[in-house]
There are 2 protein chains.
Amino acid sequence: MPSHRLDPIDRKILSELQADGRMTNVELARRVGISAPPCLRRVRTLEEQGFIRGYHAEVDPRELGFEVQVFAMVGLQSQAEADLRAFEDRCRSWPLVRECHMLNGEVDFILKCVAPDLSTFQTFLTGELLTSPNVGSVKTSLVIRGAKDEPGVPFDILEERLTEAG
Amino acid sequence: MPSHRLDPIDRKILSELQADGRMTNVELARRVGISAPPCLRRVRTLEEQGFIRGYHAEVDPRELGFEVQVFAMVGLQSQAEADLRAFEDRCRSWPLVRECHMLNGEVDFILKCVAPDLSTFQTFLTGELLTSPNVGSVKTSLVIRGAKDEPGVPFDILEERLTEAG
DNA sequence: CGCATTATTGAAATAATATTGCGTATGCGC
DNA sequence: GCGCATACGCAATATTATTTCAATAATGCG
């Protein structure tokens, strides 16, 4: 059990599972260069320690009938902590809102939304988001096309930095 | 093999695997109410037909030393198709850039970036992004805190619409 | 250093799961 | 109703996950 600092094998495991989360443990063990039992133990430990939060199938939104993706920049009227929390809670309750991040600068939040079509999004926008208490300004931008959509973090960067540092 | 339209069982499969991509096929079969063999056949078909693009472990960026997340709004000088493509290609080559979406409106692209620390991001920003050909304006916003980060699409919405329609 | 302690490993055995083969049911066009 | 197509589930087999355990490598301490 790596007490808190990960060794190269752990990082390789995370990197491989980020790229293919359904790889068999046998294959994973082969790739990271150890046998299956310790490999599985490492994966379990990484899960327990929170390095791995979960596993997800990546589905194709278009194929499933979600044609529309929108980024919404939201400014609130009050930035008091309680009001921020209230808005975040509301975002969590909206299925169309997949991501909600609090930002610095003029815009308070950025929301990534997914909807079957434009009218569904418009209904949500005018009926829910804009009429929500404390919401000041909302600027929306439709995604014309996606150019890159990589999950998680760049492990290659991590390796670079660690080899430099020793 | 559902020729192209998914039945309720397929949608349930996708929904379950989106929520837990490492569920065993036996458990998945139990949840969707069929036996293991046809369940596995459906999963394979969904993969082949592109409804499932892949599986990924969700890792914790903070725990792995990626403390900084930034959204960058990029405006280009030329929006000619070749220039757009060139910029997208460049984004794909930058590990720090995890997502790149082309938008309508005044901003041409939104980029989601992840970095170990602010200085790493600044180095990327000034040394790569800002000095990139055809890049006009870049406005960056640091993520203060994440409030919601759900993967994929809201299947509950899908079910609602389909039951309404019949 | 050298020994004791602790962690981690891998081979082997077992349990569970994935996968294949096949016979059967169900629906649909004729 | 008949035959084709599709999808199902049972049973058998192959593969994988998981546990057990002895051996090895790392760690700390006298």
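The figures that follow rest on heavy atoms only: side chains count, while hydrogens, waters and symmetry mates do not. Proteins get letters first, then strands, A, B, ... in listed order; numbering begins at 1 in each.
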- Query: Heavy atoms under 4.0 Å, any strand shown: does A:Ser35 hit a base, just sugar-phosphate, or nothing?
  - Reply: base
- In terms of the nearest nucleotide of DNA chain C, which residue is placed more toward the 5' end: A:Arg41 or A:Arg22?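 Final value for this comparison: A:Arg41.
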Whole-Å distance separating the [atom1] atom of [X] from the [atom2] atom of [N]:
X: B:Asp7; N: C:dG27; atom1: CG; atom2: P; value: 14 Å
X: B:Leu40; N: D:dA12; atom1: CG; atom2: P; value: 20 Å
X: A:Asn25; N: C:dG10; atom1: CG; atom2: C1'; value: 13 Å
X: A:Glu27; N: D:dT16; atom1: CD; atom2: P; value: 9 Å
X: B:Ile34; N: C:dA18; atom1: CD1; atom2: P; value: 13 Å
X: B:Arg30; N: C:dT17; atom1: CZ; atom2: P; value: 11 Å
X: A:Asp10; N: C:dT9; atom1: CG; atom2: P; value: 9 Å

Ignoring hydrogens and geometry, is there a side-chain-to-backbone donor-acceptor pair from [X] to [Y] under 3.5 Å?
X: B:Gln18; Y: B:Val153; result: yes
X: A:Arg98; Y: A:Pro95; result: yes
X: B:Lys148; Y: A:Cys100; result: no

- Task: Hydrophobic side-chain clustering at under 4.5 Å (ILVMFWY, transitive links): who's grouped with B:Met73? Put none if nobody.
- Result: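 Cluster partners of B:Met73: A:Phe71, A:Met73, A:Leu103, A:Val107, A:Ile110, A:Val143, B:Phe71, B:Leu103, B:Val107, B:Ile110, B:Val143.
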- Item | Nearest to side-chain heavy atoms of A:Val26, which nucleotide of D:dT16, D:dC10, C:dG10 | D:dT16
- Message: Would you say A:Arg42 places a side-chain N or O within less than 4.0 Å of OP1 or OP2 belonging to C:dT9?
- Response: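 The answer is yes; a side-chain N or O of A:Arg42 sits under 4.0 Å from OP1 or OP2.
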- Are any of A:Arg44's side-chain N or O atoms less than 4.0 Å away from OP1 or OP2 of D:dT18? yes
